[in-house]
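Because only heavy atoms are used, hydrogens play no part in the values below, and waters and symmetry mates are left out as well, while side chains stay in. Only a predicted model underlies this, so the values are computations on that prediction, with no experimental measurement involved. Every number for a ligand or one of its atoms is a count from 1 in the order of the listing.
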Amino acid sequence: METDPIYQSIMESGDNCPDEPVSVASEDVLRPHHDQHPHISGLCLHSHVISQADQAKLMAQITEKNIFKAGKQNQAMCFGERDLAWLLWLEKRMWDSDVLSEPYCGATWTDRTPLFDQSIMNLYYPGDGIKPHVDLARFEDGIVIISLLSAINMDFYPAMHPVLAEDPLEDANATLVSGHSQEIDRRPSFTIRLEPGSVITMQGPARYEWEHGIQEIAQDLVGDEWVRRKIRVSITLRKMRMDAWDVGPKVFDNGVADRR
Ligand SMILES: O=C(O)CCC(=O)C(=O)O
Ligand SMILES: [Fe+2]
């Protein structure tokens with residue numbers, strides 16, 4: 001366990017008690033702040049949603065479940081409420097801090113039940129990224145990304161192939177990368193800094209008409225300074241379209257996957 005880089009990163013992240021369940025005790029000291037993007041409709045950055053101590057506790061659970069196979073696997077998927085039980089705390093935290101409230105998120109999707117039934121966890125070492133993409137049509141509108149452990153820049157590009165809410169589901173043999181656009185050099189239109197403990201919500205145009213991605217670089221430009229990346233973990237929460245459950249287990253193979 002001591003050689004697991006994720007575990008070490010938790011240990012270095014300040015006072016934390018990995019043996020205790022996630023608590024909401026630190027809520028009082030947090031002052032959530034909500035910034036609606038001025039140019040990307042439906043994109044909102046919510047800062048100071050999850051305290052450092054609670055991030056450490058969440059990470060301790062991720063480590064305990066060995067979700068990233070001791071850091072050898074950089075992506076893991078969970079489906080259904082059974083796997084997501086321990087993520088319910090996150091949903092409550094987001095409600096309590098107004099992340100899911102109007103005007104940041106629309107009741108058109110926040111009143112659905114369950115709110116989320118699929119999660120993807122991504123592990124980034126310095127230099128790792130994720131190609132610009134629109135999340136696949138198999139997911140409903142209303143997508144949430146939670147950032148843990150360290151900050152990273154996320155870029156936004158007008159979608160080369162926008163997705164429509166009513167688009168047919170992808171081919172049964174499609175892989176997760178099918179939503180990614182071709183590899184050509186494009187300059188992002190906008191970049192936002194995702195601090196640890198922050199959440200972004202994407203709905204409407206932000207979810208369907210914009211690609212989001214993280215460049216494969218070891219340092220990010222922040223103002224006019226280059227800042228070295230550290231280990232980062234993200235949790236993406238989504239809900240599958242009803243018709244997506246019918247296409248068979250091949251596409252929705254539970255367990256771990258790899259972004260590389
Ligand atoms: O890691 C992130 O912040 C982005 C993850 C993402 O875009 C995805 O899982 O579709
Ligand atoms: Fe995505």
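Contact check on E211 versus K131 returns no salt bridge, with no Lys/Arg side-chain nitrogen under 4.0 Å from an Asp/Glu carboxylate oxygen. With respect to the salt-bridge test (charged N to carboxylate O, under 4.0 angstrom), the residues R229 and D220 qualify.
The salt bridge (charged side-chain N to carboxylate O under 4.0 Å, His left out) contacts involving residues 98-116 comprise R112-E140, where partners must be two or more places apart or lie in separate chains.
Protein residues lining ligand 1, listed by chain and number: I120, N122, Y124, I130, H133, D135, I145, M154, H212, I214, R232, S234, T236, R238 [non-hydrogen atoms, distance under 4.0 Å].
With W210 as the partner, the ring pair (Phe, Tyr, Trp, His ring centres under 6.0 Å) test is satisfied by one option alone out of F190, Y157, F156: F190. For the pairing with F116, the side-chain contact (heavy atoms from CB on, under 4.5 Å) check across T236, I143, V144 returns one residue only, V144.
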For S147 and R232: C-alpha separation, side-chain torsions, deciding distance, then whether side-chain hydrogen bond (donor to acceptor under 3.5 Å, both in side chains) applies.
CA-CA 7 Å; S147 293; R232 169 182 183 261; 2.8 Å; yes
Output a table of donor-acceptor pairs, distance under 3.5 Å, between side-chain atoms of residues 40-49 and any protein atom two or more places apart or on a different chain; print 'none' if there are none.
from, atom 1, to, atom 2, distance (Å)
H46, ND1, H34, ND1, 2.8
H46, NE2, T201, OG1, 2.8

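At a threshold of 4.5 Å between side-chain heavy atoms, the hydrophobic network of Ile, Leu, Val, Met, Phe, Trp and Tyr places Y104 and V199 in two separate groups.
Inspection of the environment of the Fe ion (ligand 2) yields the following protein N, O or S atoms under 2.8 Å: H133 NE2, D135 OD1, H212 NE2.
Defined by atom type and a distance below 3.5 Å, a donor-acceptor pair is missing between the side-chain atoms of D141 and Q203.
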